[in-house]
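So that the names make sense, note that chain A is the first sequence line, chain B the second, and so on, each numbered from 1.
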Amino acid sequence: MSNFVQKLCAWQQAHGRHDLPWQSTDPYRVWLSEIMLQQTQVATVIDYYKRFLERFPTISELASAEQSEVMSYWAGLGYYARARNLHRCAQIVVEQYGGVFPREYEDIVALPGIGRSTAHAIMAFCYGAPTPIMDGNVKRLFTRYYGIKGVTSTAAVEKQLWSQAEKTLNEALGDEHTHVDMACYTQALMDFGSLICTRSKPLCDDCPVAGSCYAKTHNLQKELPTSKARKTTPTRHTVMLLLVHDNHIWLEQRPQQGIWSGLLSLPSFDDTEALIHYLQNQGMAINPAKDLIKLAAFEHIFSHFKLHIQPILVKTTGAQSLLDSSSKQGYYHLHSWQTLPIPKPVSTLLETLATTDI
DNA sequence: TAGACGTGGCA
DNA sequence: TTGCCAAGTCT
């Protein structure tokens, strides 16, 4: 079943990226790009790569440079151990291999900053070695295509993925009717993961292997790869308006969708900016510096997230809107809202307000 | 082996 | 603003 490999290679030739500045069989260029691309997006790397290569055109020139100068060409890229390892690696290649990048896997993977995947990538691109890579793109593609469940960073799933990658490749290589261009296939895995089998909203309509894809067949594109459990509950922020008029508080009914659906609550906004717009739309002349009184913020815990609530008090003496019984929005007396359907944190807030001197 | 390592894009 | 992730490796 080497169809997968063949289809991906065909896709690569037609739709893949062919103009990246490091695409060649020169180990120095490939190695440098692989290091820069670790956990870093292509768009970010391109300029750094060009500048770096211009200053250090060969491994020997890199090896003989001062570390501080090497670092200066890396500044801003992040993960600076990569640059230190790169420099040290260049010196090792010069000293131990006469300036010629090694060809054997054991030698390559022993170099600083080069792990299993990078070593395989260098060998596939430069030497056409029949060996698979395993990066974020391949993980996403394989978990979906083969329906591999579980968090991909765990040892067990990682092992499965490598094993599947080898199996897939070996089946193609074992088929005497199939020629596998390793550089093309390796680039295909990464381009495909980055351009078609994307994290969110994968372009299954443009996918040549969608017909045999587990995730597509079972409609599990969103569930795969399995995302790891969050450690801390996420925090959302909201700003609540306490619009007070003559011992009355303005309440509105929550939308039917989302939290507290249908309950009465204070007008809520993503930020103060939105709150000001709201007041202006109500025809209120607002001086944000003077009329907006920030009360103490607090947090409300839901099952799946924390809500950070910033209450803002606005006292108005302007014309009073009447309580509209159909929309339920309007001014409620500060001492007669207790029987209304109001969410806990809001009633707590109103309680505080009613017993505070305003 | 889980955590650290940087920065930027995206929802 | 927060969280997640991106051509991973090292300790």
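Following rounding to the nearest Å, A/M134 (CE) and C/dA6 (P) show an atom-to-atom distance of 13 Å. At whole-Å resolution of the value, OH in A/Y48 and C1' in C/dA7 are 17 Å apart.
With both ends at atom C1', the span from B/dA2 to C/dA7 equals 23 Å, rounded to whole Å. With both ends at atom P, the span from C/dA6 to B/dT1 equals 22 Å, rounded to whole Å. Taking the P atom of each, C/dC4 and B/dG3 are spaced 14 Å apart, rounded to whole Å.
Side-chain contact of A/E61 with A/T58: a donor-acceptor pair under 3.5 Å is present, judged by distance alone. Under 3.5 Å, the side chains of A/N85 and A/R82 contain no donor-acceptor pair of N or O atoms. Counting only N and O atoms by type, the side chains of A/Q164 and A/T168 include a donor and acceptor under 3.5 Å apart.
For DNA chain B, the neighbouring residues in residues 29-46 of chain A, judged by any heavy atom under 4.0 Å, are A/Q39, A/T40, A/Q41. Of the residues in residues 104-114 of chain A, those placing a heavy atom less than 4.0 Å from an atom of DNA chain C are A/L111, A/P112, A/G113, A/I114, in numerical order. Shown for residues 150-162 of chain A: no residue has heavy atoms falling under 4.0 angstrom of DNA chain B. Of the residues in residues 8-26 of chain A, those placing a heavy atom less than 4.0 Å from an atom of DNA chain C are A/R17, A/L20, A/W22, in numerical order.
Atom CD1 of A/I133 sits about 12.0 Å away from atom CD1 of A/I122, to the nearest 0.5 Å.
When distances run from any side-chain atom of A/N85 to the nucleotides C/dT1, C/dG8, C/dC10, the shortest one goes to C/dC10. Considering only the side chain of A/R199, C/dC4 comes nearest among C/dG8, C/dC4, C/dA7. Considering only the side chain of A/N137, C/dA7 comes nearest among B/dG6, C/dA7, C/dT1. Comparing C/dT2, C/dC5, B/dG6 against the side chain of A/Y79 picks out B/dG6 as the nearest.
Under the 6.0 Å distance and 45° angle rule, A/R144 does not count as a cation-pi partner of A/Y146.
Atom CD of A/E104 has 12 or fewer heavy atoms from other residues, nucleotides or ligands within 6.0 Å.
Side chain of A/Q23 to backbone of A/D19: a donor-acceptor contact under 3.5 angstrom is found.
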All N/O donor-acceptor pairs, side-chain side in residues 147-159 of chain A, below 3.5 Å, sequence neighbours left out:
from   : atom 1 : to     : atom 2 : distance (Å)
A/K149 : NZ     : A/Y214 : OH     : 3.0
A/T154 : OG1    : A/V151 : O      : 2.7
A/E158 : OE1    : A/K139 : NZ     : 3.4

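Side-chain contact between A/T178 and A/V5 is absent, with no heavy-atom pair separated by less than 4.5 Å. Two residues are said to be in side-chain contact when any heavy atoms from C-beta on lie closer than 4.5 Å; A/L20 and A/Q187 meet this criterion.
For the pair A/R88 and A/G136, nearest-nucleotide mapping onto DNA chain C gives the more 5' position to A/G136.
Across all strands, A/Q187 comes closer than 4.0 Å to base atoms (heavy-atom distances). No engagement by A/G193 is indicated, since no non-hydrogen atom pair under 4.0 Å with the nucleic acid exists.
When all heavy atoms are compared, the tightest approach of A/P343 to A/L264 is CD-O, 3.1 Å. What you find for A/A215 and A/Q221 is that their closest heavy atoms are O-OE1, 3.4 Å.
Counting only residues at least two apart or in different chains, side chain to side chain donor-acceptor pair (under 3.5 Å) contacts with residues 62-79 of chain A comprise A/R55-A/E69.
The one candidate from A/W162, A/Y127, A/Y185 that meets the ring-ring contact (aromatic ring centres under 6.0 Å, His included) condition with A/H120 is A/W162.
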